[in-house]
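Here is the structure we will look at.
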Amino acid sequence: MKPILNIAAYLFVSLDELTELRAKMLDECTFRHLKGTILLTGEGINLFLAGEETQLRGFLDWLRDDPRFKALQTKDSWSETQPFKKMLVKIKREIIRMNHPMIRPEEGRANFITPKKLQEWLDRGTDDLGRPVLMVDTRNAFEVEYGTFENALHFNIEKFTEFPKAISAHKDELADKTLVSFCTGGIRCEKSGLYMREIGIQHSYQLEGGILKYFEEVGSAHYAGSCFVFDEREALEPNLESIPLEASIRKKLKVS
């Protein structure tokens, strides 16, 4: 097994005293020689961390000792080297910016589907009610270029704040389909799933755990390419191995 554990995680939960919390987390991560980024907001936490397994598991145990973070779940992968250069803990307005403050995942999630169940639907081409299934990519255009689900709908957006307008413009033509929104680790879909329900798209779901969880539990079935990640590994293949640098360069040249 490779020596460096990489985790991605988020949790929508009301947080206060963020400055004090930031200092404690930074001290704990620095003590354990972890690197990466933690985002703290009033609506929750989002983190990407890497380090030696025992130290990183220890940090997660420390974090979950706080009842607010007890439900935190991680997506894990491994690398030969540390993919981050420094340790940052930042205070932000939103975990993932959407500019729709009434969308509050902590108060109730949208319907979700597990990776295994999604594979079953995609194998068949329909959901359990016989409705055609369409995957909806909520990520930015440059992320989609690395890879996405086969025949997925995307809107060539440059930032997530553009997604609500884009999906609203196509609402009527999607009414006869079951939509499954997805992103890298699931965090954007916590908001996009609720938004789609809000505008009347009732047959909609979010992929639990995003692409990374799908890779972990299913692999490459119905997915073409790799998945962009926000660290120096750049992208992960469906086996959760980082894409070779030479292949990444060739891909960029082909896209451009």
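Without hydrogens or angle criteria, Arg197 side chain to Gln202 main chain gives a donor-acceptor distance under 3.5 Å. With Thr138 contributing its side chain and Phe182 its backbone, the two residues share a donor-acceptor pair below 3.5 Å.
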Could you list the donor-acceptor pairs under 3.5 angstrom formed by side chains in residues 211-218, with sequence neighbours left out?
{"unit_1": "Tyr214", "atom_1": "OH", "unit_2": "Ala221", "atom_2": "O", "d": "2.6"}

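The heavy-atom pair separating Phe69 from Ile45 by the smallest distance is CE2-CG2, 3.8 Å. Listed here is the closest heavy atom pair of Glu241 and Asn239: N-OD1, 2.9 Å. Pairing each heavy atom of Ala50 with each of Asn6, the nearest pair is CB-OD1, 3.4 Å.
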Legend entry - Test salt bridge (charged side-chain N to carboxylate O under 4.0 Å, His left out) applied to Arg57 and Asp76, step by step: CA-CA 11 Å; Arg57 301 287 188 205; Asp76 300 354; 3.2 Å; yes
Inset, instruction - Carefully, step by step, assess Phe160 and Arg97 under the rule side chain to side chain contact (heavy atoms under 4.5 Å, CB included). - result: CA-CA 7 Å; Phe160 185 56; Arg97 186 180 173 191; over 6 Å; no
Inset, instruction - Mind running side chain to side chain contact (heavy atoms under 4.5 Å, CB included) on Val136 and Phe163 for me, showing each step along the way? - result: CA-CA 11 Å; Val136 179; Phe163 178 81; 4.1 Å; yes
Inset, instruction - Step by step, work out the side chain to side chain contact (heavy atoms under 4.5 Å, CB included) result for Leu60 and Ile7. - result: CA-CA 10 Å; Leu60 291 172; Ile7 64 166; 3.7 Å; yes
Legend entry - CA sep, side-chain torsions, deciding dist, call: Asn99, Glu94, side chain to side chain contact (heavy atoms under 4.5 Å, CB included): CA-CA 9 Å; Asn99 291 341; Glu94 296 180 73; 3.9 Å; yes
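Exactly one of Arg104, Lys191, Arg93, Arg68 qualifies for a salt bridge (Lys or Arg N to Asp or Glu O under 4.0 Å) with Glu43. That residue is Lys191.
In this structure, Phe149 has its ring center under 6.0 Å from that of Tyr223. Ring centroid separation for the pair Trp121 and Tyr205 comes in under the 6.0 Å cut-off.
Under the 3.5 Å distance criterion, with hydrogens and angles disregarded, no donor-acceptor pair is assigned to the side chains of Arg233 and Ser242. Residues His222 and Asn151 have side chains that never bring a donor and an acceptor to within less than 3.5 angstrom of each other.
Salt-bridge formation is detected for the pair Arg188/Glu143: a Lys NZ or Arg NE/NH1/NH2 atom is positioned less than 4.0 Å from an Asp or Glu carboxylate oxygen. Taking a cutoff of 4.0 Å between a charged side-chain nitrogen and a carboxylate oxygen, Lys116 and Glu120 do not qualify as a salt bridge.
Looking at residues two or more places apart in sequence or on another chain, you find a side chain to side chain donor-acceptor pair (under 3.5 Å) between Lys24 and Glu20.
Using cut-offs of 30° and 60° on the angle between ring planes, the pair Phe228 and Phe230 is perpendicular.
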